[in-house]
Participant: 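For reference, the structure I am asking about is given below.
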Amino acid sequence: MVMERLKLERTRNIGFIAHIDAGKTTVTERVLFCTGRTYKIGEVDEGTTVMDWMEQERERGITIKAAATSCSWADYQVNIIDTPGHVDFTAEVERSLRVLDGGVVVFDAVAGVEAQSETVWRQADRYQVPRLCFVNKMDRSGANFLGTVDMIRERLSANPVPIQLPMGQEDSFRGYVDLIEQRAWLVSDDLSVAPEESPIPEDMVQDVARQREKLIERLSEVDEHLMGLYVEGKAPTVEQIKTALRQATISAKAVPVLCGSALRNRGIPALLDAVVAYLPSPLDMPAVTGHDVNSGLEVTWPNREDSPFSALAFKVVTDPYMGRLVYLRVYSGRVNVGDQVYNATRDSRERVGRLLRMHANRREEITFVEAGDIAATLGLKNTTTGDTLCDPKRPIVLEPIRFPEPVLFLTIEPRTKVDQERLADALAKLSEEDPTFKTRFDDETGQLIMSGMGELHLEVLVDRLVREYRVEARVGQPQVAYKEAMTVPVKVEGRFIRQTGGRGQYGHVWLELEPLERGKGFEFESKVVGGTVPREYFSAVEAGAREAMESGPVAGYPVVDVKASLVDGSYHPVDSSEVAFKMAGSIALREGVSRGKPVLLEPIMKLEIVTPGQYLGDVIADLSARRGHVKGIAGKVETLTIQGEVPLAETFGYAAALRSLTQGRASYTMEFLSYQELAANLVALVVKRGRR
């Protein structure tokens, strides 16, 4: 028991998260080298990184799939997930944050808080993940450490607490001053050379004293013990400050901020020291909570090996050599190779074939996993992303992972009969790996539809179809995934009555339909009294209504945000069946949506443009021409940041247009914001282009 507790105390499950190009993968590669996990530093620009192992990642210089690895530092086991920064692959960040205990948010010292930085920060807030910040690229021209700290405070509504001050910036960046211990360290570009202590530069003495005082003040605001010392005028010890900072970090009341330059190997050992000092162990996290499958009551299990086994499957990967790998985060208990586990989400039993500790796309065989571990397993045939695995005798369902809906789609057709067979298998595997990638067959057009989070997302998936699965296909142009919604409540009748020579079909329902808030999806409720519709047909009516929502009356797009209440109906003791009531439910919903003054909804994107000030007018004029709106402008004349919103339909080809307007000097990032009603004068254009 003592050994188990010691092991958990010395375990850190962390993820590197950030805006694209902030340097997450470079930081991860340096961490692996610094800890002895690798013996050669991988470079993103050279395509030699360990974590970005896919061909598509190395060619584009970006992370597409979250990659897991582990290393040791100062007798601590550090499990790491390197996540993508591009918004099209936000699902990888979502599922990683769901299972991590802590996060390292990497910021570009020049750009500061960028659009995707805000997105990943909100995701971490949603899962209550404690985090620390690493201000990277301190050697770049324009680097501003304290400016980035201010942006974190203002734009992320956080409480950043710098625990270092950089010695020099841009080309003169040579080290840092530890504000807690009041010691200066010169750092080398060689990770094998330990930092060298030096006197605090004279021109920094006052700044160091002032920033250390601010550090103690900010911690005193969230720590009672430190507040008591502060009121009494007593100076806290180094250990007292570190203890208060650790507690404040774990409770998300403060965020330690460090600095460095990963490309030049500077600041990585100090970052690792901060990870083990301030980020939580599994023991620091709340006990795992779920719902008992049998009673439906909420149950809580301590994060210990002697608790009942529970784990969340957060990722599925089809490995060309190993087969189907399921990644697990174990929250409690222990499971051995060969053990039988219960999938509480799908009510099925599975046997654990092999257990693997992953190092990107390489793996090590292990014999068991226990509370606090992140590992992969072979042999689980029915388990997919978000499923709960547990002890068959103590079934529990953990909170699943929620993913955003796709906003773009394209058509795909296999070139040959052989390709057709391969395509079905490949799409099934890709859909299983990526919950934001969806496929369906459109009965009206006879086309296969692929849906994803953006142009790059779909481009990478098509590329994988060709390279990994050897599928040749004709692919259409990406199109916007519009939605349809009703705007007024209606009460509608659905009848399905067929009489043949023998037994007929009889289904009759009355539904009350009402619009829901954006993003609520579909809700079904039964208000039937008196048994006018038998209970065994309720699920059939719901299934029929859901099926009818796949195609709306305006332009054939899916219907969203509707609540359907079954209020009345009738049945026949002989002719009624589930099929008849399913058809009746479908008929009622289609009729109701048509009468509910339906509208077309379009995806709106949050846009951030960074441009030299001289092009500001042209950029804003172009944005307005695309039906966009400027929400704010910040920065200096040399470099301005425009915050705006624009319909997704107006963004195709925007990268080329922006380059043309600014002589290639501006850049932009974009992420999904919400669905909003399309203007009436534009609906006709969408309908004219034809239903899918």
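Model, not experiment: these values are computed from the prediction.
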Participant: For the side chain of Glu578 and the backbone of Ala540, is there at least one donor-acceptor N/O pair under 3.5 Å apart?
Facilitator: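 Looks like no, no N/O pair under 3.5 Å.
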Participant: Between Glu542 and Arg546, does any NZ, NE, NH1 or NH2 come within less than 4.0 Å of an OD or OE carboxylate oxygen?
Facilitator: yes
Participant: Does Leu297 offer a backbone N or O that forms a donor-acceptor pair with the side chain of Asp292 under 3.5 Å?
Facilitator: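 The answer is no, because no donor-acceptor pair under 3.5 Å joins these two groups.
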Participant: With a 4.0 Å cut-off, would you call Lys315 and Glu92 a salt bridge?
Facilitator: yes
Participant: Going by an N to O cut-off under 4.0 Å, is there a salt bridge joining Glu550 and Arg440?
Facilitator: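 The answer is no: the pair does not qualify as a salt bridge.
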Participant: For the residue pair Phe581 and Tyr537, does the interplanar ring angle fall in the parallel (under 30°), tilted (30 to 60°) or perpendicular (over 60°) class?
Facilitator: parallel
Participant: Check ring pair (Phe, Tyr, Trp, His ring centres under 6.0 Å) between Tyr654 and all other residues, then give those that pass, not counting sequence neighbours.
Facilitator: Tyr668
Participant: Just wondering, do Leu600 and Val686 contact through their side chains at under 4.5 Å, heavy atoms?
Facilitator: yes
Participant: Would a distance-only check, ignoring hydrogens and angles, find a side-chain to backbone donor-acceptor pair under 3.5 Å from Asn303 to Pro286?
Facilitator: yes
Participant: Is there a donor-acceptor contact under 3.5 Å linking the side chains of Ser96 and Thr83?
Facilitator: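 Judged by distance alone, the side chains do not pair up.
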Participant: Measure the shortest side-chain to side-chain distance between Ile449 and Thr411 over non-hydrogen atoms and say whether it is less than 4.5 angstrom.
Facilitator: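 Yes, at least one pair of side-chain atoms sits under 4.5 Å.
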Participant: Taking the side chain as every heavy atom from C-beta outward, state whether Thr388 and Tyr342 have any atom pair closer than 4.5 Å.
Facilitator: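 Of all side-chain heavy-atom pairs linking Tyr342 with Thr388, none is under 4.5 Å.
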Participant: Donor-acceptor check, side chain of Thr651 to backbone of Leu648, threshold 3.5 angstrom: yes or no?
Facilitator: yes
Participant: Using a distance-only test with no angle check, is there a side-chain donor-acceptor pair under 3.5 angstrom linking Arg590 and Ser594?
Facilitator: no
Participant: Would you say Arg98 and Leu312 make side-chain contact, with heavy atoms under 4.5 Å?
Facilitator: yes
Participant: For Glu517, look at atom CD and say whether over 12 heavy atoms of other residues, nucleotides or ligands are found less than 6.0 Å away.
Facilitator: no
Participant: Classify the side-chain pair Gln505/Ser577 by whether it contains a donor and acceptor separated by less than 3.5 Å.
Facilitator: yes
Participant: Does any donor atom in the side chain of Asp387 or Thr384 lie under 3.5 Å from an acceptor atom in the other side chain?
Facilitator: no
Participant: Would Lys582 and Glu547 count as a salt bridge (charged side-chain N to carboxylate O under 4.0 Å, His left out) here? Give the steps.
Facilitator: CA-CA 9 Å; Lys582 181 179 179 182; Glu547 193 174 278; 3.2 Å; yes
Participant: I want to check something: taking the side chain as every heavy atom from C-beta on, are Arg329 and Tyr327 in contact at a cut-off of under 4.5 Å?
Facilitator: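 They are not in contact (no side-chain heavy atoms under 4.5 Å apart), so the answer is no.
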Participant: Could Arg518 and Asp561 be called an ion pair, given the rule that one side-chain N must be under 4.0 Å from one carboxylate O?
Facilitator: yes
Participant: Ignoring hydrogens and angles, tell me if any N or O in the side chain of Ser431 forms a donor-acceptor pair with the backbone of Lys438 under 3.5 Å.
Facilitator: no
Participant: Does the side chain of Glu298 come under 3.5 Å of the side chain of Thr289 through a donor N or O and an acceptor N or O?
Facilitator: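 No donor-acceptor contact under 3.5 Å links the two side chains.
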Participant: Taking atom types as modelled, find out whether Ser570 and Tyr506 have a side-chain donor-acceptor pair closer than 3.5 angstrom.
Facilitator: yes
Participant: Whether Arg324 and Glu432 form a salt bridge (side-chain N of Lys/Arg under 4.0 Å from carboxylate O of Asp/Glu) is what I want to check.
Facilitator: yes
Participant: Donor-acceptor check, side chain of Glu512 to backbone of Leu566, threshold 3.5 angstrom: yes or no?
Facilitator: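 Here the side-chain-to-backbone pair does not exist.
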Participant: Do the side chains of Leu328 and Leu389 get nearer than 4.5 Å, heavy atoms only?
Facilitator: yes
Participant: Below 4.5 Å, heavy atoms only, C-beta onward: do Pro534 and Tyr571 meet side chain to side chain?
Facilitator: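 Yes, their side chains come closer than 4.5 Å.
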Participant: For Tyr482 versus Pro558, what's the shortest heavy-atom pair and its separation?
Facilitator: O-CD, 3.9 Å
Participant: Would you tell me whether Thr532 and Asp568 have side-chain atoms, one donor and one acceptor, within less than 3.5 Å of each other?
Facilitator: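 Judged by distance alone, the side chains do pair up.
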Participant: Judged by atom type as modelled, is there a donor-acceptor pair below 3.5 Å linking the side chain of Ser332 to the main-chain atoms of Pro308?
Facilitator: yes
Participant: Would Glu433 and Arg464 pass as an ion pair if we require N to O under 4.0 Å?
Facilitator: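 Looking at Arg464 together with Glu433, the answer is yes, because their closest N to O distance falls below 4.0 Å.
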Participant: With sequence neighbours excluded, what pairs up with Phe309 under the ring pair (Phe, Tyr, Trp, His ring centres under 6.0 Å) test?
Facilitator: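 Testing Phe309 for ring pair (Phe, Tyr, Trp, His ring centres under 6.0 Å), a comparison that skips the adjacent residues, returns none.
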Participant: Less than 4.0 Å between a side-chain N and a carboxylate O, is that true for Glu525 and Lys563?
Facilitator: yes
Participant: Does Met486 reach the side chain of Leu513, with side-chain heavy atoms less than 4.5 Å apart?
Facilitator: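 Yes, side chains in contact.
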Participant: Using a 3.5 Å distance criterion without hydrogens, assess whether the side chain of Arg495 forms a donor-acceptor pair with backbone atoms of Val509.
Facilitator: no
Participant: Might you point out which heavy atoms bring Val288 and Ser310 nearest each other, and give the distance in Å?
Facilitator: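 Closest heavy-atom pair between Val288 and Ser310: CG1-OG, 4.0 Å.
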Participant: Backbone N or O of Glu370 within a donor-acceptor pair of the Asp373 side chain at under 3.5 Å?
Facilitator: yes
